[in-house]
2 protein chains.
Amino acid sequence: MTPSPDLRAHVAILDDEPEIRQMLSLALEEAGFRTSCYARATEFEASLKRTTPDVCLVDLGLPDRDGLALVHRLALESGAAIIIISGRAQVQDRVTGLELGADDYIIKPFDPAEVVARIRARLRKGRSDADRSADTAHFADWAAHFDRYILVRSNGEEVPFSHAEGEVLRLFLESPKRLISRAQMQESLGGAAGESFDRAMDVRISRLRTKLGEDPKNPRLIKTIYGAGYIFLGDVTWV
Amino acid sequence: MTPSPDLRAHVAILDDEPEIRQMLSLALEEAGFRTSCYARATEFEASLKRTTPDVCLVDLGLPDRDGLALVHRLALESGAAIIIISGRAQVQDRVTGLELGADDYIIKPFDPAEVVARIRARLRKGRSDADRSADTAHFADWAAHFDRYILVRSNGEEVPFSHAEGEVLRLFLESPKRLISRAQMQESLGGAAGESFDRAMDVRISRLRTKLGEDPKNPRLIKTIYGAGYIFLGDVTWV
DNA sequence: CTCTCTTGTTACAATTCGAAAGAATTAGGC
DNA sequence: GCCTAATTCTTTCGAATTGTAACAAGAGAG
């Protein structure tokens with residue numbers, strides 16, 4: 001089979017200006033992509049007989065071919081995501097480019113960081129359901145798997161948590177080390193403006209604390225700020 | 001049975017400015033989409049318990065919630081394409097928006113025609129992905145053949161399933177690892193807004209679970225999220 | 001130190017869900 | 001048309017979760 005399969009996503013760059021090619025290639029390689037550059041549409045099309053890139057960056061306004069026609073053919077015949085790069089900034093240009101099958105349209109001058117971000121967005125959707133849903137946060141010696149509704153301690157112990165508990169936990173993990181007021185919580189957790197609800201929140205937090213094995217006298221993760229709200233200590237990294 | 005299923009793609013619009021909502025809604029309806037508008041994140045999130053839009057247009061800078069956190073959750077939990085609309089035009093803003101899971105980022109002020117074109121581009125890609133005409137799904141150690149109404153285990157054992165069971169199973173396999181609310185199910189399975197249907201859904205799932213050989217105390221594939229809905233764990237590949 | 005207000009915890013009630021059993025509906029054979 | 005079988009819905013009761021109420025504990029003001 002393939003001697004050493006390159007697992008990086010493959011981005012084909014088609015642009016007639018050498019500086020742009022180089023800048024894009026550099027930025028994309030740095031971002032972890034494999035790139036191949038082409039100056040002319042004929043070269044590029046020849047390459048398509050050998051390789052199938054995951055993303056095509058196409059500069060409109062190439063010298064040897066009408067770029068839009070090329071985009072249209074690419075859209076129909078290749079499964080790659082197509083991103084147009086163009087100096088033409090009119091809305092009408094963008095609309096026709098997208099209508100002809102492009103997946104995105106970036107206007108020159110552009111920032112390489114945005115190009116990288118947009119390519120990633122395309123690839124993410126492309127591979128879709130398969131490896132998505134890594135909805136997991138790590139903190140202290142826990143890993144919270146929101147897709148499976150369980151907490152896993154570093155020693156392997158599994159503690160399931162309920163939906164209500166998960167809502168609170170997620171809120172904390174989304175803004176760690178920041179004060180979260182009671183009012184904010186109720187707003188976030190779908191509490192209507194009712195007043196009688198406020199104690200339910202306490203119970204939810206209480207139950208969450210016990211599941212996390214907090215010491216009631218000295219909570220290390222969910223800290224109460226008397227009269228203000230709660231704060232989640234602990235370094236959180238989402239995976 | 002279903003009164004008249006609306007085949008148009010469904011676009012949810014979340015923006016706090018009434019004029020923008022109206023402009024977008026008008027333009028999109030004219031372009032052949034079904035739209036629903038929400039002024040606040042809480043309203044919007046409530047609606048997600050009932051319906052599953054194909055595209056979400058989200059204005060950052062909503063008054064009642066951190067928009068980016070909402071985008072992040074949407075990206076993880078809903079299969080919809082997410083398009084951010086924002087007045088913040090810095091490259092860094094766009095990059096973070098896209099990194100958090102948005103599929104596109106449109107800067108205000110915008111032309112409705114471009115919004116339409118970008119939505120179409122998203123739907124096009126999404127559909128080609130979901131338009132696998134295959135009718136067999138593999139998961140765990142099962143293969144579900146929807147054309148023959150049978151489940152085949154890896155050891156060759158065959159278990160037939162009924163139409164009603166198949167509807168539920170298909171719904172699960174089409175969005176695995178994602179919370180599916182009861183309301184969404186009834187919507188999808190042609191249940192009118194009737195209330196008496198409640199338990200029928202349970203029975204369908206119960207039977208499906210036994211056919212899949214689930215342990216009632218510890219279901220590994222179809223998990224119940226109390227008060228929220230169901231979630232199908234397990235990696236699904238359609239052939 | 002005491003009094004008051006806020007928060008934590010426990011017990012209980014209400015809601016939601018699962019599974020079994022019976023009833024209604026549908027489909028097909030004779 | 002009538003009977004049988006399969007499918008699906010409804011009913012029902014037990015189990016799990018979540019909200020509410022009551023009370024205990026703790027923080028802050030004086």
Side-chain angles (χ1 to χ4, degrees), chain A residues 149-151 159-172 179-186 189-232, chain B residues 1 49 149-151 159-172 179-186 189-232:
Chain A
Y149 285 85
I150 53 171
L151 282 156
V159 179
F161 59 83
S162 72
H163 183 66
E165 287 154 3
E167 280 188 319
V168 179
L169 180 58
R170 162 165 255 142
L171 195 61
F172 280 130
L179 182 80
I180 299 173
S181 75
R182 255 181 141 66
Q184 261 177 294
M185 276 208 174
Q186 300 202 166
L189 306 189
E195 290 124 15
S196 175
F197 284 95
D198 52 352
R199 308 322 314 284
M201 177 98 337
D202 294 332
V203 179
R204 266 147 96 136
I205 289 174
S206 170
R207 291 207 253 253
L208 184 57
R209 279 209 256 235
T210 62
K211 290 210 173 171
L212 287 173
E214 292 272 79
D215 173 17
K217 315 292 275 186
N218 180 29
R220 299 160 58 97
L221 287 171
I222 302 174
K223 190 160 185 180
T224 306
I225 310 299
Y226 191 93
Y230 298 92
I231 199 167
F232 187 87
Chain B
M1 189 59 92
K49 292 183 178 152
Y149 286 87
I150 52 170
L151 282 157
V159 178
F161 59 83
S162 71
H163 182 67
E165 287 155 3
E167 279 188 318
V168 178
L169 181 58
R170 181 184 289 273
L171 195 61
F172 279 131
L179 184 81
I180 300 173
S181 77
R182 248 181 147 66
Q184 280 176 332
M185 277 207 174
Q186 302 205 157
L189 306 189
E195 293 93 25
S196 176
F197 286 93
D198 286 9
R199 311 334 332 278
M201 182 76 47
D202 295 344
V203 177
R204 286 184 179 196
I205 289 173
S206 171
R207 286 208 260 264
L208 188 55
R209 278 208 256 235
T210 62
K211 291 208 173 171
L212 289 173
E214 293 271 79
D215 173 18
K217 312 295 275 187
N218 181 30
R220 299 163 58 98
L221 287 172
I222 302 174
K223 190 159 183 178
T224 305
I225 311 303
Y226 191 98
Y230 298 92
I231 198 167
F232 188 88

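The sequence lines fix the lettering, A, B, ..., with proteins before strands; numbering per chain opens at 1.
- Among C/dG8, C/dA20, D/dT18, the nucleotide with an atom closest to any side-chain atom of A/Thr224 is C/dG8.
- The aromatic rings of B/Tyr149 and B/His163 sit tilted, their planes meeting at an angle between 30° and 60°.
- B/Phe161 approaches B/Lys211 most closely through the heavy-atom pair CA-NZ, 3.8 Å.
- Rounded to an integer number of Å, the gap from CD1 of B/Ile225 to P of D/dT18 is 9 Å.
- Computed from coordinates, the A/Lys223 NZ to D/dA27 P distance equals 11 Å when rounded to whole Å.
- With distances taken from any side-chain atom of A/Arg182 to the nucleotides C/dA20, C/dT9, C/dT7, the minimum falls on C/dT7.
- A/Phe161 comes within contact range of no nucleotide atom at all, as no heavy-atom separation falls under 4.0 Å.
- Taking atom OH on B/Tyr226 and atom P on D/dT17, their separation rounds to 8 Å, with Å as the unit.
- Among the nucleotides D/dG19, C/dA19, D/dT10, the one closest to the side chain of A/Ala164 is D/dG19.
- Mapping B/Glu165 and A/Arg204 onto DNA chain D by nearest heavy atom places B/Glu165 at the nucleotide closer to the 5' end.
- Of the two residues contacting DNA chain C, namely A/Tyr230 and B/Lys217, the nearest-nucleotide position lying further toward the 5' end is that of A/Tyr230.
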Exercise. Evaluate the salt bridge (Lys or Arg N to Asp or Glu O under 4.0 Å) criterion for residues A/Arg182 and A/Asp202: first the C-alpha distance (whole Å), next the side-chain angles of each, then the deciding distance (0.1 Å), finally the verdict.
Key: CA-CA 9 Å; A/Arg182 255 181 141 66; A/Asp202 294 332; 2.5 Å; yes
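- Between A/Ser206 and C/dT9, a side-chain N or O to OP1/OP2 separation shorter than 4.0 Å is present.
- Projected onto DNA chain D by closest heavy-atom contact, A/His163 and B/Ser162 fall at different nucleotides, the more 5' of which corresponds to B/Ser162.
- Between the CZ atom of B/Arg199 and the C1' atom of D/dC9 there is a distance of 12 Å, rounded to whole Å.
- Side-chain contact between A/Leu151 and A/Leu169: present, with at least one pair of heavy atoms (C-beta onward) separated by less than 4.5 Å.
- Atom CG of B/Asp202 is separated from atom C1' of D/dC9 by 12 Å (rounded to the nearest Å).
- Regarding B/Leu208, its CG atom lies at a distance of 14 Å from the C1' atom of C/dG18, rounded to whole Å.
- Taking atom CZ of residue A/Arg207 and atom P of nucleotide D/dT20, one finds them 12 Å apart after rounding to whole Å.
- Minimum interatomic distance between A/Met185 and A/Ile180 (heavy atoms only, all atoms of both residues): CG-CG2, 3.8 Å.
- Rounded to whole Å, atom P of D/dT8 lies 13 Å from atom CE of B/Met201.
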